[in-house]
Amino acid sequence: MANKTQEVGGIQFPFPYTPYSIQKDFMAELYQVLEAGKIGIFESPTGTGKSLSLICGALSWLRDFEQKKQQEEACLLETGTIPLNDGKDKPPSPSWQETSSNLGTAGEPDWVTQFVQKKEERDLVDRLKEEQIRRKKREERLQQIRHNSQLKYAAKRVRQEEEETENLLRLSKEMLVAGAETEQLTHLESGEEELVLAEYESDEEKRTASGVDQDEDLEEEHVTKIYYCSRTHSQLAQFVREVQKSPFGKETRLVSLGSRQNLCVNEDVRKLGSVQLINDRCMEMQRDRHEKKNKAEEEKPKLRKQNRATCPFYNYEQMQLLRDEVLVEVKDIEHLVTLGKEARACPYYGSRFAIPAAQLVVLPYQMLLHTATRKATGIRLQGQVVIIDEAHNLIDTITGIHSAEVSGSQLCQAHSQLLQYMEQYRKRLKAKNLMYIKQILYLLEQFVSVLGGNIKQNPNTQSLPQTGTELKTINDFLFQCQIDNINLFKVQRYCEKSMISRKLFGFTEWYGAALLPSREQPRLAGFQRFLQSLQPGATEATPPSPVEEGEARALRPASPLMHIEGFLAALTTANQDGRVILSRQGSLTQSSLKFLLLNPAVHFAQVVKECRAMVIAGGTMQPVSDFRDQLLTCAGVGAERVVEFSCGHVIPPENILPLIICSGPSNQQLEFTYQKRELPLLMDEAGRILCNLCNVVPGGVVCFFPSYEYQRQVHAHWEKSGLLARLAIKKKIFQEPKRANQVEQVLMEYSRCIKCCSQTGSVVTGALLLSVVGGKMSEGINFSDDLGRCVVMVGMPYPNMKSPELQEKMAYLDQSLPRMPGQVPPGKALVENLCMKAVNQSIGRAIRHQKDFASIVLLDQRYARSPVLAKLPAWIRDRVEVKAAFGPAFAALRKFHREKSGPS
């Protein structure tokens with residue numbers, strides 16, 4: 001379809017078709033938020049073209065921003081003076097204008113001020129000339145690649161592969177001939193070289209960076225860009241496809257970022273499986289590469305180690321080529337991986353090299369929200385635009401990223417491994433390494449002790465003297481563990497720089513598997529037995545076969561010390577922003593220490609502070625108060641900088657029927673509280689309502705329950721009472737599986753059943769899917785058209801009030817946030833918001849496009865309360881009908897579906 005440029009408020013918005021009026025409003029409001037440097041909370045229901053509105057609105061602003069900047073640069077280069085701001089372009093201004101905004105110093109003579117201003121202007125002109133040269137070179141380079149034949153590069157890569165293969169074969173033959181007799185001993189020695197810690201110098205002793213992850217810099221400034229984030233790689237891939245189809249698809253320089261697990265093309269590294277192990281192995285290869293560059297001559301025994309450790313895909317020239325090909329046209333992650341394999345270049349680093357020149361960077365929002373990951377990736381937010389899509393789980397995501405949990409068995413296993421490591425290499429370790437290792441051992445010992453266990457005993461067989469959950473402030477926990485005198489910041493820094501967890505994993509792989517006979521084997525036999533005893537389901541059965549043993553090695557999880565490092569880092573959080581939960585569950589193995597982040601704003605504040613503007617978007621953002629209070633207000637964002645925008649749905653008002661039903665067919669009041677919901681009367685009433693609905697609703701009915709356990713109880717009760725058999729007369733019944741790998745199969749059978757029933761006209765008119773709020777079917781699944789003609793919500797899915805995490809979060813909000821007159825306390829509001837956020841996500845599964853229609857049935861009289869009604873999405877809230885009795889509700893449902901479905 002031909003592109004149609006829309007003009008809204010004097011701004012040109014290219015669009016692939018004539019947009020809905022709500023899309024025009026969305027783009028215009030988005031443009032103003034980006035121009036004014038504000039933070040916008042945007043809500044646009046699924047089916048209203050949110051992604052295209054974001055793309056066309058944001059990229060239209062970027063187009064105008066770059067044009068304006070180039071005009072101002074041209075004026076400056078022509079006249080040599082800085083153009084005056086007319087006041088229309090509100091801050092934040094382009095970075096080159098910010099530099100010149102502080103010219104002169106108060107109190108200086110005029111001639112000094114003029115001299116400084118002239119010098120600043122000359123420097124600015126020089127910088128702009130250099131930037132223009134870089135921009136011209138980049139455009140020429142990209143233009144050349146567009147015209148070059150892909151076959152030329154393919155032939156070059158084939159030749160390189162052949163040459164590398166020949167070199168590898170020649171080297172392997174030479175090594176086999178030279179070291180046939182002493183291969184085993186040499187392998188042991190060269191392998192163990194990798195396990196020993198290098199001499200460690202603290203920051204006080206060595207201010208310069210270690211150079212472990214410093215790649216060759218591109219010497220290219222970051223152009224103004226938009227960082228688009230979403231939750232999953234599939235959502236990002238879908239967004240990239242929308243960009244490709246948009247009017248900006250041909251001209252936008254887009255780069256997709258992902259984890260090493262998604263982008264690594266080195267099969268030897270990929271087969272490690274664990275995300276942590278893949279990351280560590282990759283970084284170790286880069287460290288080895290840098291060490292090789294820093295040393296002109298290496299001893300011969302180490303040559304073999306380096307050849308094994310250097311990644312063949314980390315080829316700078318090929319990655320530069322890959323970077324350019326990424327920028328030429330829009331590509332998703334899968335295309336990037338394919339391109340990397342063909343070019344024998346690393347897509348992970350190649351895509352990072354493309355960040356400075358990119359206009360649109362697409363990435364998972366975990367990568368943007370974690371400071372260390374953001375820095376390692378090369379993301380610079382200063383003066384840039386951030387769009388966070390699918391942001392309804394943003395608070396939970398930030399909390400989850402910065403929370404950490406370690407089990408008793410992990411603590412014991414890490415202590416045993418580290419102790420054996422220290423004993424093995426004590427004579428080769430420097431004093432500083434020994435000091436820090438002993439500190440870590442002491443920390444592990446105290447952590448186990450505070451749980452009530454003994455570090456020297458097997459955690460599987462240890463029963464704890466007391467059970468239960470205890471919640472501590474960070475300081476109280478450190479005092480109780482008697483580790484308040486240890487500088488955890490230094491310990492954390494040591495773990496990061498020394499890569500002790502990586503060395504420890506290599507050590508356990510070397511000695512734990514015992515694949516090679518060794519003189520050290522008798523001394524480490526007890527260590528091996530202990531490792532085996534910690535494996536799940538360990539028995540005294542016969543030893544595994546070589547094949548099984550190889551599989552076990554491939555699937556072996558990351559070193560427990562890697563998890564513990566995350567917990568140690570969390571303990572450096574400010575005392576008021578987090579809590580430590582001690583969970584004692586009978587045995588030490590089942591017990592755990594968990595760090596709970598109470599203030600997600602402490603990590604979000606840096607993102608907000610650096611970026612020029614931010615858009616937090618989603619299909620369902622209600623209740624918005626959570627984002628305002630817990631993220632923006634706590635991050636120091638003033639109310640005047642926050643803009644809220646919520647658009648209606650594109651469906652006609654008559655295509656949706658939201659009902660709140662307060663009582664059932666037998667006049668039983670519907671109030672599924674935690675205390676009442678297991679009563680047989682209420683479960684029977686819910687079953688009778690569903691039976692009536694299934695008689696009049698065609699196609700698919702999706703029924704949501706508050707939890708898996710309650711769904712199981714209701715299903716068992718209906719089966720016993722015969723209600724299930726009555727339901728099955730009209731609808732085939734499906735249940736949401738607990739295992740994620742079974743979801744697709746259930747959905748396929750559910751869809752097939754509905755399609756088959758609509759074609760055959762049998763007595764069974766469709767299917768009934770029993771689902772769980774917050775489960776696999778409540779997010780990301782589209783029950784469009786006949787798959788979801790009616791969505792039923794049984795009760796209100798309030799979170800578990802007995803949870804110590806929730807209680808502490810409520811107490812924290814009550815203390816931190818001001819209570820407005822006439823409003824409920826912030827802690828109580830949090831509980832209600834969590835419930836309604838889950839409800840809104842679930843009931844939004846049905847309406848997916850403009851011509852879709854569905855009924856939404858809320859079975860609980862508490863939904864009729866004004867504060868609860870106010871937290872429904874506007875497009876549902878404005879059309880909701882409250883029915884005190886079931887008769888009128890059933891009549892409205894029957895009329896609605898009869899009119900929409902037509903004569904049967």
Which heavy atom in Gly687 sits nearest to a heavy atom in Leu727, and how many Å separate them? O-CD2, 4.4 Å
Enter the distance from Gln622:CD to Trp875:CH2 here, rounded to the nearest 0.5 Å. 12.5 Å
Any salt bridge between Glu709 and Arg712, counting N to O under 4.0 Å? yes
Within the 3.5 Å criterion, strictly below it, is a donor on Gln585 or Ser583 matched to an acceptor on the partner's side chain? yes
Residues in side chain to side chain contact (heavy atoms under 4.5 Å, CB included) with Val406, at least two apart? Gln410, Leu411, His563, Ile564, Phe567, Leu593
Side chain to side chain contact (heavy atoms under 4.5 Å, CB included) for Phe26 and Leu54? Distances and angles first, verdict last. CA-CA 8 Å; Phe26 188 107; Leu54 282 170; 3.8 Å; yes
Give the intermediate values and the outcome of salt bridge (charged side-chain N to carboxylate O under 4.0 Å, His left out) for residues Arg231 and Glu390. CA-CA 7 Å; Arg231 193 164 55 93; Glu390 301 297 333; over 6 Å; no
Not counting sequence neighbours, list each pair that qualifies as a side-chain hydrogen bond (donor to acceptor under 3.5 Å, both in side chains) and has a residue in residues 671-680. Glu671-Gln861
Within 45 degrees of the ring normal and closer than 6.0 Å to the centroid, is that where the cationic atom of Arg789 sits relative to Phe853? yes
Tell me, please, which residues at least two apart from Cys703 pass side chain to side chain contact (heavy atoms under 4.5 Å, CB included). Leu690, Phe705, Leu768, Leu770, Val792, Val794
Dump the intermediate steps for side chain to side chain contact (heavy atoms under 4.5 Å, CB included) on Met793 and Tyr863, then the final yes or no. CA-CA 11 Å; Met793 181 66 62; Tyr863 283 110; 3.2 Å; yes
Using side-chain contact (heavy atoms from CB on, under 4.5 Å) as the criterion, point out the one residue from Val857, Val701, Leu858, Ile843 that pairs with Val791. Ile843
To the nearest 0.5 angstrom, please state how far the SG atom of Cys647 sits from the OH atom of Tyr20. 11.5 Å
OG on Ser803 to CD1 on Ile581, rounded to 0.5 Å: 7.0 Å
I need the minimum non-hydrogen distance between Ala829 and Val824, along with the two atoms involved. CB-CG2, 3.8 Å
Apply side chain to side chain contact (heavy atoms under 4.5 Å, CB included) to the pair Leu670 and Phe886, showing each step before the final yes or no. CA-CA 10 Å; Leu670 300 177; Phe886 181 71; over 6 Å; no
What pair of heavy atoms forms the shortest contact from Asp389 to Ser51, and how long is it? OD2-OG, 4.4 Å
Return yes when atom CD of Glu334 has more than 12 non-hydrogen atoms of other residues, nucleotides or ligands closer than 6.0 Å, and no otherwise. no
In a check of side-chain contact (heavy atoms from CB on, under 4.5 Å) between Ser842 and each of Val772, Val773, Ile856, which one passes? Val773
Taking all non-hydrogen atoms of both residues, which atom of Thr467 and which atom of Gly586 are closest, and how far apart? CG2-N, 3.4 Å
When every non-hydrogen atom of Lys809 is compared with those of Pro600, the smallest separation belongs to NZ-CD, 3.6 Å
Measuring from atom CZ of Arg879 to atom CD of Glu654, what distance do you get when rounded to the nearest 0.5 angstrom? 8.5 Å
Distance col, row Ser259:OG vs Gln366:CD, nearest 0.5 angstrom, shows 10.0 Å
Which pair of heavy atoms, one from Ser256 and one from Asp332, lies closest together, and at what distance? OG-CA, 4.0 Å
Approximate separation, where rounding is to 0.5 Å, of His717 NE2 and Met683 CE: 5.0 Å
Cut-off 3.5 Å, side chains only: do Ser587 and Thr589 have a donor facing an acceptor? no
Is the His370 ring parallel, tilted or perpendicular to the His402 ring (thresholds 30°, 60°)? parallel
Residues Asp396 and Thr399: side-chain donor-acceptor under 3.5 angstrom: no
